[in-house]
Undergrad: 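Have a look at the structure that comes next, please.
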Amino acid sequence: MNVFDLISWVCLLGGVFFCFVGSVGLLRLPDFYSRMHGASMTDTLGAALVFIGLMFQAGLSLVTVKLVMILFFLLLTSPTSTHALAKSAFDAGLKPWVKKQKDVIQ
Amino acid sequence: MFMAAMIGILATIVLAVLRTLLGPTVFDRILAINMLGTKIILLVAVLGFLLGRPDFLDLALIYVFLNFIGIIAVLKYVKFKNLATVNPDNEEVGNERV
Amino acid sequence: MLNNLILGVALYAIWLLWSGHYSLLLLSLGAISCLTVVVLVRRMGVFEPERQHVHLLLPLPLYWPWLLWAIFVANLDIAWRVLHPKLPIAPCVFKVKASQKSELGRVIYANSITLTPGTVSMDVESDTITVHALTEKSASSLQTGEMDRRVTALELERES
């Protein structure tokens, strides 16, 4: 077992751990807007670490280029769809759950 | 080790499906489905490495775009109850295209 | 016309990179599909010259390392809060100023806000962005305006 394998496994399992924590957040957090933060966590660090782990397995090859491109497009599309979701929920009149009521903007 | 990663991702998918079933609003369900799509991309990529066939990455890339387009289409349908609406906020554009 | 040519060449380069097979049949099929995409994009009119701010994209790789580090730190914070038995969160909604001049600069700023866990941009207007934050800490780290300053610096790189 060489050092690259070790790094790749640490990244892979770390990514899966963050994905899992994100989905726990999706279940535990109290309202729609805060659940979005849990989902955004799995989309960024979870996915990025899994792909970095796979890159260490692939080494310098065309496969690594493909992995980098998939990660790039994932990081480009996921905030766009999250923003579209947040905006349509906001426009539909879904109120955010807040501790201090004065923070809500009407 | 790829097997362990796949089991972890599958557990994540189970939790996301649970949120999809629990609801309570339609946006919660769309959010959970969006996350499910991201997890499926990861699953396909890891599966390609597990089977030793990196061609699976092409499928993963297609899923990235399908996920994005699908979410936007579903949101548009939820908002306008119609997929053919061009731009309801801007009358001129709407009239021009119809 | 030049724009369409650049788009076509870029599409074909990406197609060659992804395909990995170089027989005559597959090369011509790729060329046909790239040509179809260029025609479709031209009909849709989404690739107009006045909407392009390509000079913004050149210094972007300098911004990414800072953004990735910010995402990493925010991720650790949110993961700790989600796993904490008492769930120490205090969601709030507030507005931040977006000092970018171009549309693309604002898009980059709003996407960076959404990409960072703990903050999601809910509404983008001409000079303000409505943000939903999960905790006081993530709200205050955005309100220092460092991200805004860095994205605006990308924009001014070429004009000054």
Undergrad: At their closest point, which heavy atom of B:Ala60 faces which heavy atom of A:Ile70, and how far apart are they?
TA: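 Closest approach of B:Ala60 to A:Ile70, heavy atoms only: CB-CD1, 3.9 Å.
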Undergrad: Can you establish whether the number of heavy atoms outside B:Leu21 located under 6.0 Å from its atom CG is more than 12?
TA: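 Atom CG in B:Leu21 is packed in, count exceeds 12.
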Undergrad: When you compare the side chain of B:Thr12 with that of A:Phe17, does any pair of heavy atoms fall below 4.5 Å?
TA: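 A side-chain contact is absent here, since even the closest heavy-atom pair is not under 4.5 Å.
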Undergrad: Apply side-chain contact (heavy atoms from CB on, under 4.5 Å) to residues A:Val63 and B:Phe49 and explain how you reach the verdict.
TA: CA-CA 10 Å; A:Val63 175; B:Phe49 276 79; 3.8 Å; yes
Undergrad: Over all heavy atoms of both residues, which pair between B:Ile41 and A:Leu74 is shortest? Give the atoms and the distance, please.
TA: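 The answer is CD1-CD1, 3.9 Å.
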Undergrad: What part of B:Ile72 lies closer than 4.5 angstrom to a heavy atom of chain A: side chain, backbone, both or neither?
TA: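 Side chain only.
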Undergrad: Please classify the contact between A:Ala86 and chain B as side chain, backbone, both or neither, with a heavy-atom cut-off of under 4.5 Å.
TA: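 Contact with chain B involves no heavy atom of A:Ala86 at all.
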Undergrad: Closest heavy-atom contact between A:Leu26 and B:Ala16?
TA: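 Smallest heavy-atom distance, with atoms named: CD2-CA, 4.2 Å.
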Undergrad: Measuring heavy-atom distances to chain A, does B:Asp28 have an atom under 4.5 Å in its side chain, in its backbone, in both, or in neither?
TA: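 Both backbone and side chain.
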Undergrad: In terms of heavy-atom pairs under 4.5 Å with chain B, which of A:Asp91, A:Val50, A:Asp43 leads?
TA: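 Most heavy-atom pairs within the cutoff with chain B belong to A:Asp43.
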Undergrad: Using non-hydrogen atoms only, which part of B:Phe65 is less than 4.5 Å away from chain A: side chain, backbone, both, or neither?
TA: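 It is the side chain, since no backbone atom gets that close.
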Undergrad: Let me confirm one number: the NZ-OG distance from B:Lys76 to A:Ser88, rounded to the nearest 0.5 Å.
TA: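 Nearest 0.5 Å value for the NZ-OG distance: 13.0 Å.
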Undergrad: Between B:Leu15 and A:Ser23, which heavy-atom pair has the shortest distance, and what is it?
TA: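 The answer is CD1-OG, 3.2 Å.
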Undergrad: Taking all non-hydrogen atoms of both residues into account, name the closest pair between B:Lys39 and A:Cys19 and its distance.
TA: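 Shortest heavy-atom contact: CE-SG, 3.5 Å.
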Undergrad: Sort out for me which of A:Val24, A:Leu12, A:Thr80, A:Leu27 touches chain B most, counting heavy-atom pairs under 4.5 Å.
TA: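 Of the options given, most contacts go to A:Leu27.
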Undergrad: With rounding to the nearest 0.5 angstrom, report the CD1 to CZ distance, B:Ile7 to A:Phe20.
TA: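 Result: 12.5 Å between the selected atoms.
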Undergrad: With a 4.5 angstrom heavy-atom cut-off, could you sort out which part of B:Phe27 is near chain A: side chain, backbone, both or neither?
TA: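 It is both, since atoms from each part get that close.
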Undergrad: Which atoms of B:Leu22 come close to chain A, meaning under 4.5 Å heavy atom to heavy atom: side chain ones, backbone ones, both, or neither?
TA: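 Side chain only.
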Undergrad: Taking all non-hydrogen atoms of both residues into account, name the closest pair between A:Val16 and B:Gly8 and its distance.
TA: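 Looking at all heavy atoms of both residues, the shortest contact is CG1-CA, 3.5 Å.
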Undergrad: For the atom pair NZ (A:Lys66) and CG (B:Leu61), what is the distance rounded to the nearest 0.5 Å?
TA: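 Nearest 0.5 Å value for the NZ-CG distance: 9.5 Å.
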Undergrad: Which atoms of B:Ile71 are under 4.5 Å from chain A, going by heavy atoms: the side chain, the backbone, both sets, or neither?
TA: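 For B:Ile71, side-chain heavy atoms alone lie under 4.5 Å from chain A.
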Undergrad: Please state whether the side chain, the backbone, both or neither of B:Asp55 comes within less than 4.5 Å of a heavy atom of chain A.
TA: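 For B:Asp55, no heavy atom lies under 4.5 Å from chain A.
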Undergrad: What part of B:Leu75 lies closer than 4.5 angstrom to a heavy atom of chain A: side chain, backbone, both or neither?
TA: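 The answer is the side chain of B:Leu75.
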Undergrad: Please flag which part of A:Ala39 lies under 4.5 Å from any non-hydrogen atom of chain B: side chain, backbone, both or neither.
TA: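 Both backbone and side chain of A:Ala39 come within 4.5 Å of chain B.
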Undergrad: Do the non-hydrogen side-chain atoms of B:Val46 and A:Phe51 ever get within less than 4.5 Å of each other?
TA: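 B:Val46 does not reach A:Phe51 side chain to side chain.
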Undergrad: Going by heavy atoms in the side chains, are B:Leu57 and A:Met69 under 4.5 Å from each other?
TA: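 When only atoms from C-beta onward are counted, A:Met69 and B:Leu57 do not touch, as no gap falls below 4.5 Å.
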Undergrad: Below 4.5 Å, heavy atoms only, C-beta onward: do B:Met35 and A:Thr42 meet side chain to side chain?
TA: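 Yes. Closest side-chain heavy atoms under 4.5 Å.
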